[in-house]
**Q** 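One structure coming up, written as structure tokens, with questions to follow.
Proteins come first, then strands; the chains are lettered A, B, ... in the order of their sequence lines, and each starts at number 1.
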Amino acid sequence: MVSFIKASVLIFCLFLVACANQNKAPESLYDDVGGQPVMIKITDNFIQEISFNRTIYQYFAKTNIDRFREKFIEYLCVSTGGPCQYTGDTMLKVHQGQKITEADFNTTVDLLVAAMKDAGLTYPQQNRVLEVLAKTRREMLYQ
Amino acid sequence: MRIKGLKTLSLLCVMTSATSVMADAGKLLATAGLSQIEGSGGGGLVPWATLAGYDTRDETSASVFMTNVDVTDYRLSSIGIASSFYDRVELSYAQQTFHLPVSLNKALGVGEIKQNILGAKVRLFGDLVYSDYPQVSIGLQHKSLDQNTVASYLGAKKDSGTDLYLAATKVHLGLVAGYDLIWNLTACATKANEMGLLGFGGDGNNHYQMVMEGSVGLLLSPKWVVGMEYRQKPNNLSRVEEDDWKDVFVSYNPNKNFNLTAAYVDLGTVATQKDQTGLYLSMTGYLW
């Protein structure tokens with residue numbers, strides 16, 4: 001009888017824990033990938049990748065890299081649901097006048113994927129980040 | 001027929017060499033899709049809305065492919081070339097060789113049937129990955145047999161015909177537990193019996209019929225795609241049953257120059273022989 005009660009209490013507890021877990025707010029992509037340190041790592045890797053790509057580097061020839069780094073970290077943070085504020089310009093304004101081709105855009109996506117991979121993101125996490133960033137693609141191409 | 005094919009090939013060469021901008025790393029890896037058994041860009045058995053190649057709106061691309069299907073009683077090999085222009089128009093040429101088993105060979109006096117397929121496809125709208133709606137393309141495949149002995153013996157009305165299709169394809173980034181999902185739906189108007197290898201139209205039905213074809217796949221990594229396909233088939237010949245086709249496939253894309261796909265296909269009954277299942281192997285090389 002005692003063991004039955006013990007077992008019942010145990011099962012009840014497990015049940016409560018399971019329910020509590022279900023009620024917890026879903027973790028943001030930002031938290032899932034590892035928060036601010038990972039945002040910084042991705043951004044630094046991305047800058048590194050760009051600096052080794054002749055074609056894409058051209059677009060950044062006149063860019064203030066320190067400012068780009070700061071704003072890109074913010075942008076990644078906000079886009080993935082992190083607790084930041086984006087203080088940079090819109091994607092349209094940033095890319096306007098650069099006439100970015102589809103091929104160069106896709107090459108840059110490849111560079112960003114490499115940056116995320118080096119920052120330790122799993123393939124599903126990389127896809128989720130691309131999914132949120134891809135929404136503004138139209139503002140970046142051929143502007 | 002062979003001369004016609006060569007002419008097309010040289011036309012493709014002239015057209016493509018006239019343009020200087022070529023696809024190098026245009027699209028994202030694996031988004032060029034595969035080479036369809038009839039030469040169009042697609043999955044394996046089903047033509048998709050994707051164009052065969054990694055070209056973007058500023059580029060051209062060209063690819064060659066080789067496919068072998070080895071089922072219980074038959075073998076089919078298909079070789080061809082496809083070229084895509086500015087992510088808008090795709091032209092393709094394929095030659096299929098259908099090897100008959102010795103028993104049928106003796107009865108009919110035919111060992112193999114060759115079929116030439118000229119294909120054209122136009123992307124109407126949408127971007128496979130980035131638009132909210134699917135990429136939609138319209139295409140045709142004009143097919144002609146080198147001889148009609150088997151086709152007419154089985155009751156087919158013609159030895160050439162044209163399939164028309166409308167295809168919608170979409171990649172959903174990270175949709176399934178973070179993995180990208182690709183789906184395709186194709187509506188095809190056709191009179192072809194077993195893809196045309198057994199002629200076009202028949203004593204049972206001689207009109208165009210609408211068939212549905214579909215594919216679904218999952219990108220397990222940037223390089224590996226697994227999925228399945230279904231291709232509905234008409235039933236025009238009263239004396240020989242024709243079944244829908246299905247397959248499960250795994251595709252390997254190590255880089256943007258090469259693709260290798262293996263599939264287990266179930267073709268059902270083909271030209272009186274039941275339970276035709278076996279291995280499908282396909283390779284695509286992207287020239288530029």
**Q** Ring centres under 6.0 Å, that's the criterion: do B/Y280 and B/F249 meet it?
**A** no

**Q** For each of A/E131, A/K135, A/R138, A/R137, tally heavy-atom pairs with chain B at distances under 4.5 Å, and name the one with the top tally.
**A** A/R137

**Q** Quick one: what part of B/D132 sits under 4.5 Å from any heavy atom of chain A, side chain, backbone, both or neither?
**A**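 It is neither, since no heavy atom gets under 4.5 Å.
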
**Q** Salt bridge or not for A/D89 and A/R67, using N-O below 4.0 Å?
**A** yes

**Q** Checking B/L220 against chain A: side chain, backbone, both or neither under 4.5 Å from a heavy atom?
**A** backbone

**Q** Heavy-atom distance under 4.5 Å to chain B: side chain of A/L141, backbone, both or neither?
**A**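 Side chain of A/L141 only, per the 4.5 Å heavy-atom cut-off to chain B.
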
**Q** Would you call the rings of A/F68 and A/F46 parallel, tilted or perpendicular if under 30° counts as parallel and over 60° as perpendicular?
**A** tilted

**Q** Measure the shortest side-chain to side-chain distance between B/L91 and B/F85 over non-hydrogen atoms and say whether it is less than 4.5 angstrom.
**A** yes

